[in-house]
Amino acid sequence: DVKVTQSSRYLVKRTGEKVFLECVQDMDHENMFWYRQDPGLGLRLIYFSYDVKMKEKGDIPEGYSVSREKKERFSLILESASTNQTSMYLCASTPRVKNIQYFGAGTRLSVL
Amino acid sequence: ILNVEQSPQSLHVQEGDSTNFTCSFPSSNFYALHWYRWETAKSPEALFVMTLNGDEKKKGRISATLNTKEGYSYLYIKGSQPEDSATYLCAPSGNTPLVFGKGTRLSVIA
């Protein structure tokens, strides 16, 4: 079974802190994605990556950056956390962009 | 950004009732339509991927149909059970990664 692991289920940070959300997949998938989910807004794509060291902006990249140094790991970085980044963050991976996506369990981030 | 509409936003049904919901999407540049189920405190899980106009897929009591010409898909649940309670997300793909709708939140009351 495909496993997508997100490093934390719950995280509480202060405004202005640098925050790292880590995601690791064990199926050698080329493509990885970061989403955030907010009530009434659904899943929105922040960034995605087709390959190591490659990254593409999604629909809402502002305030975020990403890092993909190894194929299995895709990190989401909040350079200076703000309260409007309080959300549920989901990571996903897929072997090809248009195949089904496998999701991690999510990280619920609160920025105080 | 692709405009994906799901309706209704939420639904409450009695155990044993059958139900259905709709996903509408632009029919141009269509490649595939995904349905996911997202239970509380779990990860979203894929239910179906459909690519051809007229496709019908079935998994137990859940089935889905696809109309790519008019840009919609229906998800049906026959004889709803409490364990069907979840948010159901649809996501079309075209030239871009998946774009998710806001989902239909289903609550099945025992």
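None of the values given here were measured: they were computed from a predicted structure. Here is the naming used below: chain letters follow the sequence lines, and residue numbers restart at 1 for every chain.
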Shared ILVMFWY cluster between [X] and [Y], side chains joined below 4.5 angstrom?
| X | Y | value |
| --- | --- | --- |
| A/Trp34 | A/Val4 | no |
| A/Phe74 | A/Val19 | yes |
| A/Ile60 | A/Leu78 | yes |
| B/Val13 | B/Tyr76 | no |

Do B/Pro97 and A/Tyr50 come within less than 4.5 Å of each other through their side chains, counting heavy atoms only? yes

Taking C-beta and beyond as the side chain, do A/Leu90 and B/Pro44 meet within less than 4.5 Å on heavy atoms? yes

Part of A/Glu56 within contact of chain B (heavy atom distance under 4.5 Å): neither

Where on A/Leu45 is there a heavy atom nearer than 4.5 Å to chain B: the side chain, the backbone, both, or neither? side chain

Side chain, backbone, both or neither of B/Tyr36 within contact of chain A (heavy atoms, under 4.5 Å): side chain

Does [X] [atom1] have over 12 foreign heavy atoms under 6.0 Å away?
| X | atom1 | value |
| --- | --- | --- |
| A/Glu17 | CD | yes |
| B/Gln81 | CD | yes |
| A/Arg14 | CZ | no |

Spatial distance of atom [atom1] ([X]) from atom [atom2] ([Y]) [nearest 0.5 Å]:
| X | Y | atom1 | atom2 | answer |
| --- | --- | --- | --- | --- |
| A/Thr94 | B/His34 | OG1 | NE2 | 7.5 Å |
| B/Ser43 | A/Gln101 | OG | CD | 12.5 Å |
| A/Gln37 | B/Leu89 | CD | CG | 8.0 Å |
| B/Leu98 | A/Leu43 | CG | CG | 10.0 Å |

A/Arg44 vs B/Phe100, test: side chain to side chain contact (heavy atoms under 4.5 Å, CB included). Steps then yes/no. CA-CA 7 Å; A/Arg44 293 182 293 164; B/Phe100 285 86; over 6 Å; no

